[in-house]
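Before any comments, here is the structure.
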Amino acid sequence: MQPRLSVDIRRRLDHLTLRMQFQVEAEILVLFGPSGAGKTQTLQAIAGLMTPDAGVISLGDTMLFRQRQGEPPINLPPRRRRIGYVFQHYALFPHMTALENVAFPLGNSTQARRRAYELLDRMHLAHLAQRRPHELSGGQQQRVAIARALATDSPVILFDESFSALDQPVRDQLHADLRALQAERGLIVIYVTHNLDDAFAVGSRIAIVREGQIEQIGPLAEVCRYPANVRVAQILGIANVITAQVIGIELERVWLDWQGWRIAAALPAQPPALGEMVTAFIRPEEIWLVYPDRPLSRFANHNLLPGRIVEQWPGRRLFQVRIAVGGAMLEIAHPYTAYADLGIAAGSEVQISFQPESVVIVPAVSHATHDLRSHPPDHIRHAGISG
Amino acid sequence: MNWPAFWLSLQVTAFATFFIFVIGLPIALLLTRTAFPGQIVVETLLMLPLILPPSVIGYYLLLALGRGSPIVEWFQIRILFSWPAAVVASVVVGLPLMIQSSKAALANVDPRLEQAARTLGAGELRIITQITLPLARRGIVAGIVLGGARALGEFGATLMVTGNIPGRTQTLPVAIYDAVQAQRYADANLMVLVMTAVAFVGLWWVRQLERPRQAPSATQITT
């Protein structure tokens, strides 16, 4: 039975109040959010480098920290928590070799050195064991730092923007290694990042952190498909956010009036009220260009809109097109092989279409916290400007 | 050449350097790792010997080591007008250099390295001995050498507390002063040359220590 890391803390910081509550099992949880949202402080609290004002942090049956009314306080020092922590700039000891760095948590015995060597070998670095950190590349330093964190024998490893300074191919490789390592050892991993690509590369679950609090936590795909509220959608940088008025509700459909067009959207879990202004987004990958000379099939009935191509450019994986629809801009992303014969060029008039399921209505506020906050969704009045 | 003065100077410098190290390093550690009320006052007091005229320091030492002072009355330590008094004077003037240099070096150690060591199970003592001090060693050694060089060159305060007894408490700088007073210029020239050579070697060594290494430090990747 794997232990579970349970965090429920509060801490007043200079510019915000940290209120974090989540649990992590043997998995990779991504803490995602803008800089200064309190992600690093959360990791520091878990490792014991920062003391919360109140709350509980426990790992399995072990209390790492407890400060609440009616119970004796507990605050284990970092060295007794032994939480593996991989720092942003690795924090390798520059005056020690790679091997000495990894052996640091293990002690001075021959056995310690052998174990350190094994861990370096696991990170494919055995041949560089005698190098000093400044003689290693960034990716190699990062591997030494991971091996050193593993040497603590902690079931928990925290990554604090650890890969952010590395080149993309190195980062991709490390992400793959990290996933393998996690599965192999059943590690509890918390991975802090503000890069969504990184989040997708490693994470199984994601927690969206904003101003010291978790806005939404859940499986990555689910959070991105169904953001709990407009702020989550903003933090995720979701494209094609539109505002529209509800003009009809059916069993599986919501009819929206968007710039005078009637478009169909999927019925969300919390149905909106008739006449309400709602925020929705249309996934760029799920907007189709309509061939003018071919019969329309499944999109024929609704969501057929005229547009004008504004610009197009090759993206990393998909081809990107920006299209003006009425007064709004929509982003479209499609595979390079699609529309090859359409001869699309900037300025040409096209028709676009999308399925109702591709229009996701985002709740203005999270359901659970509805009574706590009362921000009207008016801060997104730049309606229809794609993110 | 006044060999007794030369050897006495070396002896005084050796003892003074030792005490500058064992007193200065803990003070530097304390000043960089803790914050206490009145810290600025303490730091300023510790720096004072750098600026005060040697005669003022000498006068304070006469008071501290002379009849009626607690050191003499309670602990029965009578060192005035003997060579250990020269050691005391040298330590007082050399300490600020040691503390300044070590403090700068210790403050320069990346606190994230110490935090990393903490998460890796190290106690505070192990962090100081295995992380902080090794990383600050160049600045510390530079401080020792600078403090020692200052001890070697100590003149004014030493003159006041040792009494300038040839062969017993007369150090090289004092002997030079004596030689010039007595117009023994050949003697003075030689001793001045020896002093200059020793000082030059000391400073040259410090510059070697302070010169940054070729390779950049591992953790200082530009952000």
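Since this is a predicted model, take the numbers as computed values, not measurements.
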Report task. Can you tell which part of R80(A) gets under 4.5 Å to a heavy atom of chain B, answering side chain, backbone, both or neither? Result -> neither
**Report entry** Reported CG-to-CZ distance for the pair L31(B) and R33(B), which is rounded to 0.5 angstrom
**Finding:** 12.5 Å
Query - Main-chain N/O of P169(A) paired with D167(A) side-chain donor or acceptor, under 3.5 Å - result: no
Report summary line: Applying a strict 4.5 Å limit to non-hydrogen atoms, the region of Q44(A) in contact with chain B is side chain
**Report entry** Atom CZ of F155(B) with >12 non-hydrogen neighbours under 6.0 angstrom
**Finding:** yes
Query raised in the report: Does R12(A) CZ have over 12 foreign heavy atoms under 6.0 Å away?
Result: no
Query raised in the report: Relative to each other, are the rings of Y191(A) and F163(A) parallel, tilted or perpendicular (30° and 60° limits)?
Result: perpendicular
Query raised in the report: Which of the residues R148(A), E135(A), M96(A) is involved in the greatest number of heavy-atom pairs with chain B at under 4.5 angstrom?
Result: R148(A)
Report task. Step through it carefully: locate the ring centre of F19(B), locate the ring centre of F21(B), and say whether they are under 6.0 Å apart. Result -> no
Query raised in the report: Does any donor atom in the side chain of T132(B) or E114(B) lie under 3.5 Å from an acceptor atom in the other side chain?
Result: yes
Query raised in the report: Between F104(A) and chain B, which part of the residue has a heavy atom less than 4.5 Å away: side chain, backbone, both or neither?
Result: both
Report task. Determine yes or no for a side-chain-to-main-chain donor-acceptor pair under 3.5 angstrom, with S154(A) supplying the side chain and R82(A) the backbone. Result -> yes
Query raised in the report: Do any of residues 119-128 of chain A come closer than 4.5 Å to chain B, heavy atom to heavy atom, and if so which ones, in number order?
Result: none
